[in-house]
Visitor: 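The structure's right below; bear with me while I get my questions together.
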Amino acid sequence: MLTNAPKGTKDIMPDQVYRWHYVEKKFAEICARYGFKEIRTPVFEHTELLTRGVGDTTDIVQKEMYTFNDFGGRSLTLKPEGTSPAVRAFIERKAYADVQPTKIYYVTPCFRYEKPQSGRLREFHQFGVEIFGTPNMLADTDVICIGNDFLAEMGVKDVKLEINSVGCPKCRAKHREALRAFLKPHYDELCDTCKDRYERNPMRIIDCKSEICQDIVKDAPMMVDFLCDDCRKAFEDVQKNLDSMGIEYTINPRIVRGLDYYTKTAFEFVSTSIGSQGTVCGGGRYDDLVEELGGPPIPGVGFGLGIERLLMLMDANGFEIPKPEPVEVFIVTMGEAAKAEGLNILRKLHQKGIKAEMDDLERNVKGQFKYAARLDSKYTVVIGDDEISKGIVQVKDMASHEQKEVKLSDLVNELTK
């Protein structure tokens, strides 16, 4: 057990980490293109922030949070998602006093106690974007467009965008009443979790993973049929904006998302290439969350995108992430004087920004060449005591096997070319 990673976690080893660097860099680039700036929040937060933000009727709060008391008796939780911490930082730093909207993005680890399966881990990593400070549905379209464009740039072709409206507290009350009336004859058949949801937040039953509950709600009244005038217009505006931008979508009235803070727009990018857990990106609007967490009445909208699922999806679509450039120069030395000179050259090459290495294991010359080949080094520089006395070195092109003599004093400039 000591040498096994905790269940539901994975090491990202050097032969894989370049893939993460690639998608993280591309995400930062597209966010910059859209005018978003990066934020970094702590890996743990006060538990109350998350119970109030995420919602105490959600599976996350009821079953999945890693919560502990610190030595001061404070209840803290490893963050299960990125939005609530971002909202907390927005409030704490009084960013709402700046010119709005505020547009931020983040790359962060998140933690949920779930049954580990393909694309779903207990420690996972999330890209996210948030826009604070505008009720205009152009912001909703903006975050959807980033998700759409990013997935396309990552070579993901087999995803479809599904959108819905989950209304506002005003129209949700009417839907709640109709939904409870529909569910009442089936109450005893509901799972224990959904029996609790029946009283507190029946719309969450639509999102239950239980096959029995899913069968019960298949003909249930949907929120989209109970929208007030304001929510209906907002949903129509989102559709018009997406149409104007040429982004294809379907309306899925069953999308409610797994977080209680959503209002109006809810959306998901769904794939069939990564099994039953097909949502790779999801989000929506949360006009009441900032105020709920102690800030002024500031609207917000955003999304979260799982990096592990994204990489699985890129593999399923045959997208080849370019591997990093190999070592450019490997220095082969023979003798103590050559080793000292090799260290001097190595230092100069590093200062010039050249990827260079030298043997650390006292291999013989043949072993050093084998190791250079294993590293896919482009060139080897061969230094012996005789060469030093003559002020020369041998430079070998490892691909063509061509070798030439170079003056020691010209070597760094020659390799820099």
Visitor: Could you go through residues 343-354 and list every donor-acceptor pair under 3.5 Å that involves a side-chain atom there, pairing it with any protein atom two or more places apart or in another chain?
Guide:
from	atom 1	to	atom 2	distance (Å)
N344	ND2	E341	OE2	3.4
H350	NE2	A356	O	2.8

Visitor: Say you draw a straight line from SG of C194 to CG of D207; how long is it, rounded to the nearest 0.5 Å?
Guide: 9.0 Å

Visitor: For atom CG of D15, decide whether the heavy atoms of other residues, nucleotides or ligands shown that lie under 6.0 angstrom number more than 12.
Guide: yes

Visitor: Evaluate side-chain contact (heavy atoms from CB on, under 4.5 Å) for I104 paired with F36, printing each intermediate quantity in order.
Guide: CA-CA 5 Å; I104 59 174; F36 287 71; 5.5 Å; no

Visitor: Verify side-chain contact (heavy atoms from CB on, under 4.5 Å) between K396 and F369, making sure each step is shown before the conclusion.
Guide: CA-CA 11 Å; K396 182 177 181 180; F369 271 108; 4.3 Å; yes

Visitor: Crowded around Y249 OH? As in, over 12 foreign heavy atoms under 6.0 Å?
Guide: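 Correct, the count exceeds 12.
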
Visitor: Picking from L227, D230, V166, what satisfies side chain to side chain contact (heavy atoms under 4.5 Å, CB included) with K264?
Guide: D230

Visitor: To the nearest 0.5 Å, what is the distance between OG1 on T141 and CG on N241?
Guide: 3.5 Å

Visitor: Minimum heavy-atom separation for L242 and I144, please, with both atom names.
Guide: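 Minimum heavy-atom separation between L242 and I144: CD2-CG2, 3.8 Å.
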
Visitor: Taking atom OH of Y66 as the centre, report whether more than 12 heavy atoms of other residues, nucleotides or ligands fall under 6.0 Å from it.
Guide: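 Atom OH in Y66 is crowded, with more than 12 foreign heavy atoms closer than 6.0 Å.
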
Visitor: How would you list, by chain and number, every residue that makes a side-chain contact (heavy atoms from CB on, under 4.5 Å) with K404, sequence neighbours excluded?
Guide: V406, E414

Visitor: Find the distance between CD1 (I131) and CG (D140) and round it off to the nearest 0.5 Å.
Guide: 8.0 Å

Visitor: Looking at every non-hydrogen atom in both residues, tell me the closest pair between A28 and Y105 and how far apart they are.
Guide: CB-OH, 3.5 Å

Visitor: Can you tell me how far OG1 of T51 sits from CE of M65, rounded to the nearest 0.5 angstrom?
Guide: 6.0 Å

Visitor: Do E357 and S377 have a side chain donor and acceptor closer than 3.5 Å?
Guide: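 Short answer, no.
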
Visitor: Can you see which heavy atom on G167 is nearest to which on M223, and at what distance?
Guide: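 Answer, listing the atom of G167 first, then M223: N-CG, 4.0 Å.
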
Visitor: Could you walk me through whether I12 and R19 satisfy the side-chain contact (heavy atoms from CB on, under 4.5 Å) test, starting with their C-alpha distance in whole Å, then the side-chain angles of each, then the deciding distance to 0.1 Å, before giving a yes or no?
Guide: CA-CA 10 Å; I12 306 168; R19 293 158 49 83; over 6 Å; no

Visitor: Measure the spacing between CZ of F27 and CD of E24 and express it to the nearest 0.5 Å.
Guide: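 Nearest 0.5 Å value for the CZ-CD distance: 10.5 Å.
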
Visitor: Please list all pairs passing the ring pair (Phe, Tyr, Trp, His ring centres under 6.0 Å) test where one or both residues lie in residues 280-300, with sequence neighbours left out.
Guide: Y261-Y286

Visitor: Kindly say whether R363 contributes a backbone atom to a donor-acceptor pair with the side chain of Q368 at under 3.5 angstrom?
Guide: yes

Visitor: What closest approach, in Å, do T41 and A89 show between heavy atoms, and which atom pair accounts for it?
Guide: CG2-CB, 4.3 Å

Visitor: Donor-acceptor pairs are to be reported for all side-chain atoms of residues 149-157 against protein atoms at under 3.5 Å, with residues two or more places apart or in another chain.
Guide:
from	atom 1	to	atom 2	distance (Å)
D149	OD2	Y34	OH	2.6
E153	OE2	R33	NH1	2.9

Visitor: Provide the full list of salt bridge (Lys or Arg N to Asp or Glu O under 4.0 Å) pairs with a residue in residues 318-329, sequence neighbours left out, each pair given once.
Guide: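 Found E325-K378.
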
Visitor: If you compare all heavy atoms of S84 against all heavy atoms of L50, which two are closest, and at what distance to 0.1 Å?
Guide: CB-CD2, 4.0 Å

Visitor: Under a 3.5 Å distance rule, please check whether D11 uses its side chain to pair with a backbone N or O of M13 as donor and acceptor.
Guide: no

Visitor: For the pair H46 and L76, evaluate side-chain contact (heavy atoms from CB on, under 4.5 Å) and give the outcome as yes or no after the intermediate values.
Guide: CA-CA 5 Å; H46 292 291; L76 302 172; 3.7 Å; yes

Visitor: Which value, rounded to the nearest 0.5 Å, describes the distance between I321 atom CD1 and Y18 atom OH?
Guide: 6.5 Å

Visitor: Tell me the closest heavy-atom pair linking C110 and G82, and the distance in Å.
Guide: SG-N, 4.3 Å

Visitor: On the ring face of Y113, is R122 found with NZ or CZ under 6.0 Å from the centre and within 45° of the axis?
Guide: yes

Visitor: Is it true that a side-chain atom of R180 and a backbone atom of P202 form a donor plus acceptor pair closer than 3.5 Å?
Guide: no

Visitor: Could you tell me whether a side-chain N or O of T263 sits under 3.5 Å from a main-chain N or O of D287, the two making a donor and an acceptor?
Guide: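 Pair found, side chain donor or acceptor close to backbone of D287.
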
Visitor: Provide the full list of salt bridge (Lys or Arg N to Asp or Glu O under 4.0 Å) pairs with a residue in residues 83-99, sequence neighbours left out, each pair given once.
Guide: E45-R88, R88-E92

Visitor: When you check the gap from the basic side-chain N to the acidic O, do E268 and R254 get nearer than 4.0 Å?
Guide: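 Answer for the salt bridge query: no.
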
Visitor: L411 and side chain to side chain contact (heavy atoms under 4.5 Å, CB included): which partner among I392, T416, V393?
Guide: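 Running side chain to side chain contact (heavy atoms under 4.5 Å, CB included) over I392, T416, V393 with L411 returns exactly one hit, V393.
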
Visitor: Is the backbone N or O of C208 less than 3.5 Å from a side-chain atom of Q214, with the two atoms forming a donor-acceptor pair by type?
Guide: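 It does hold such a pair.
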
Visitor: Side-chain contact, heavy-atom cut-off 4.5 Å: C145 with M245?
Guide: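 Sidechains of M245 and C145: in contact.
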
Visitor: If we count only N and O atoms by modelled type, under 3.5 Å, do the side chains of Q62 and D196 hold a donor and an acceptor together?
Guide: yes

Visitor: So does L313 get a backbone contact from the side chain of N317, meaning a donor-acceptor N/O pair under 3.5 Å?
Guide: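 Side chain of N317 to backbone of L313, a donor-acceptor pair under 3.5 Å: yes, one is there.
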
Visitor: Are more than 12 heavy atoms from other residues, nucleotides or ligands located less than 6.0 Å from atom NZ of K174?
Guide: no

Visitor: Using atom types as modelled and distance alone, determine if a side-chain donor or acceptor of E308 lies under 3.5 Å from a backbone N or O of H125.
Guide: yes

Visitor: Not counting sequence neighbours, which residues clear salt bridge (Lys or Arg N to Asp or Glu O under 4.0 Å) with D243? List them please.
Guide: none

Visitor: In chain order, what residues pass the side-chain hydrogen bond (donor to acceptor under 3.5 Å, both in side chains) check against D237, with sequence neighbours excluded?
Guide: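 Scan of D237 (side-chain hydrogen bond (donor to acceptor under 3.5 Å, both in side chains), adjacent residues dropped) gives K233.
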
Visitor: Check whether R112 reaches the backbone of I60 with its side chain - one donor and one acceptor, N or O, closer than 3.5 Å.
Guide: no

Visitor: Only counting residues at least two apart or in another chain, list the ones meeting side-chain hydrogen bond (donor to acceptor under 3.5 Å, both in side chains) with E48.
Guide: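 Expected list: none.
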
Visitor: So does F235 have more than 12 non-hydrogen atoms from other groups sitting under 6.0 Å from CZ?
Guide: yes

Visitor: Run the ring-centre check on F330 versus Y371 and record whether the distance is less than 6.0 Å.
Guide: yes

Visitor: For E114, what residues pass the salt bridge (Lys or Arg N to Asp or Glu O under 4.0 Å) criterion, not counting sequence neighbours?
Guide: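 Scan of E114 (salt bridge (Lys or Arg N to Asp or Glu O under 4.0 Å), adjacent residues dropped) gives R120.
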
Visitor: More than 12 foreign heavy atoms under 6.0 Å from CD of Q403: is that the case here?
Guide: yes

Visitor: Would you indicate whether K26, at its atom NZ, is surrounded by more than 12 heavy atoms from other residues, nucleotides or ligands within a distance under 6.0 Å?
Guide: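 Not buried by this count: 12 neighbours or fewer within 6.0 Å.
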
Visitor: I need the full list of salt bridge (Lys or Arg N to Asp or Glu O under 4.0 Å) pairs touching residues 68-85, with sequence neighbours left out, sorted by first then second residue.
Guide: D70-R74

Visitor: Applying side-chain contact (heavy atoms from CB on, under 4.5 Å), name anything that partners A338, two or more places apart in sequence or on another chain.
Guide: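 A338: side-chain contact (heavy atoms from CB on, under 4.5 Å) contacts with T333, I383, D385, I388.
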
Visitor: Does R40 have more than 12 heavy atoms from other residues, nucleotides or ligands lying within 6.0 Å of its CZ?
Guide: no

Visitor: Any salt bridge linking D359 with K339? Criterion: basic side-chain nitrogen under 4.0 Å from a carboxylate oxygen.
Guide: no

